[in-house]
2 protein chains.
Amino acid sequence: MADRLRADAKANQDLVLAAARRAFARDGGADASLREIAKEAGVGIGTLYRRFPTREDLVWAVYSGEVDRICEEAETSAPHPRAWMETFLDFLAAKRAMADALKVVLAGDEERRLAVRARITGALGSLLDTAAAEGAIRDDVAALDVLMALGGISLIAGEPDQRAQAGRLLDLLMDGLRPCR
Amino acid sequence: MADRLRADAKANQDLVLAAARRAFARDGGADASLREIAKEAGVGIGTLYRRFPTREDLVWAVYSGEVDRICEEAETSAPHPRAWMETFLDFLAAKRAMADALKVVLAGDEERRLAVRARITGALGSLLDTAAAEGAIRDDVAALDVLMALGGISLIAGEPDQRAQAGRLLDLLMDGLRPCR
DNA sequence: TTGCTAAACGGAGCATGCTCCGTTTATGGT
DNA sequence: ACCATAAACGGAGCATGCTCCGTTTAGCAA
């Protein structure tokens, strides 16, 4: 990329990211104040917004590493869809901000969102394919649909105290994926 | 009820409701400004908030009639769960504000929310029971779980331009409800 | 070293949600 | 007709998201 950042810009970006990471760690990040994050980073609110135009951009910058790790897990570990889905839901429950970001990513059609989507559906798809090859689940359901189902579960029952409910919804989803008949 | 409203209070409440109905009709209501509604009703913002402490209260006051109608439909018409669910999702898609309100209702445990929840799960339960009796679907899934699944679908794929996606998720849900094996 | 300019900065400013509280008034009793 | 007072009113005020724009400066070329 020829678009290298100016030194001061890069430094500020890092300060903001660090502050955001700290703020998000405090409470899942769903409602951390961006002004507060900017202040904590010692940067003007305008600077934060120029670098991360939307809350989702910031959330994504903070958590993309973890998402990658989860995706790799889906591609490399044994094909236990249910277990992986639980991990995924737990992740979204812990980082509530990500659940909202996911919703946007799943709806939008800008290059950026599509890439993220491709990353996740790719991993999930590979997991589903493997499981299907073993006859554990159906083979005719698109990974994107499953991902959206997971996103839906986390949106409607993603609070930490709704684990049981989320589990039941996941049961229902798994039932829908069963290769009966 | 001994708690009758003072005449002026009642009048203002009606004005607010009428204004809200108009505002919501314009755009689903998801992001109509409450200040604007108050102004349109010729009432102070404080008055609006005293009568409807949360946005959901207002949304509910505006739409409870329609929800009732849909519930009755579930109880009285032929047991076609899928058709009813589509109606329900369409309703939520048209009144985006209701989708958010539903999420809150499904999470909270205050008397009010529980009552609303009971109203809907009651109707849906009756529909599911009838269908189950005919062998059309399983009989061991709680109505609340199905309702939450529907809520999840509408949260993750509730925009009008996501109908197809929502349909696929509904397929998945129906598959999960099938009485196979 | 000295300019020049694109890039970056940062905060004022506006809209919104929601609260708080001093002021006004409907209503029932005398 | 007159009060007393609980009830209702309404908007000032604070926090937040996000934008806009005048000011500052890093990085480069002469």
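Just so we're on the same page: letters track the sequence lines, and every chain starts at 1. All values derive from a computational prediction rather than experimental measurement.
One interatomic measurement links the two molecules: CG of L34(A) to C1' of dT19(D), which rounds to 14 Å at whole-angstrom precision. In this structure, I37(A) places its CD1 atom 17 Å from P of dG11(C), rounding to the nearest Å. Atom CD in E36(B) sits roughly 16 Å away from atom P in dC14(C) (whole-Å rounding). When the P atom of dC18(D) is taken as reference, atom CG of D31(A) falls 13 Å away, rounded to whole Å. Here dT16(C) presents its P atom at 12 Å from CG of D27(B), a figure rounded to the nearest Å.
For dG17(C), one of the phosphate oxygens OP1 or OP2 lies less than 4.0 angstrom from a side-chain nitrogen or oxygen of S33(B).
Residue A32(A) is in sugar-phosphate contact alone, with no base atom involved, counting any heavy-atom pair closer than 4.0 Å across all strands shown. Across all strands shown, N12(A) has heavy atoms under 4.0 Å from sugar-phosphate atoms exclusively, and none from any base. Within the 4.0 angstrom heavy-atom criterion, base atoms lie near I45(A).
Within residues 46-62 of chain A, the residues approached by DNA chain D to less than 4.0 Å at the level of any non-hydrogen atom are Y49(A), R55(A), in residue-number order.
Between the R138(B) side chain and the G176(B) main chain, a donor and an acceptor come within less than 3.5 Å of each other. Judged purely by atom type and a 3.5 angstrom limit, R35(B) has no side-chain atom pairing as donor or acceptor with the backbone of I45(B). A donor-acceptor contact shorter than 3.5 Å links the side chain of R117(B) to the backbone of G108(B). Side chain of S126(B) to main chain of G122(B): no donor-acceptor pair is present (N/O by atom type, distance under 3.5 Å, no hydrogens or angles).
Taking the charged nitrogens against the carboxylate oxygens, D90(B) and R163(B) do have a contact shorter than 4.0 Å, which makes a salt bridge. A salt bridge is absent between D109(A) and R113(A): the closest approach of a Lys/Arg side-chain nitrogen to an acidic carboxylate oxygen does not fall below 4.0 angstrom. By the 4.0 Å N-to-carboxylate-O rule, D57(B) lies too far from R51(B) to be salt-bridged with it. The pair R178(A)-D175(A) meets the salt-bridge criterion, since a charged nitrogen lies less than 4.0 angstrom from a carboxylate oxygen.
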Strictly under 3.5 Å: I want the nitrogen or oxygen pairs between protein and nucleotides 24-27 of chain C, one per line.
| unit_1 | atom_1 | unit_2 | atom_2 | d |
| --- | --- | --- | --- | --- |
| dA26(C) | O4' | R6(B) | NE | 3.4 |
| dA26(C) | O4' | R6(B) | NH2 | 3.4 |
| dT27(C) | OP1 | A7(B) | N | 2.9 |

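Taking 3.5 Å as the limit, the base of dG10(D) and the side chain of R35(B) contain no donor-acceptor pair of atoms between them.
Taking every heavy atom of both residues into account, L102(A) and G151(A) meet most closely at CD2-CA, 4.0 Å.
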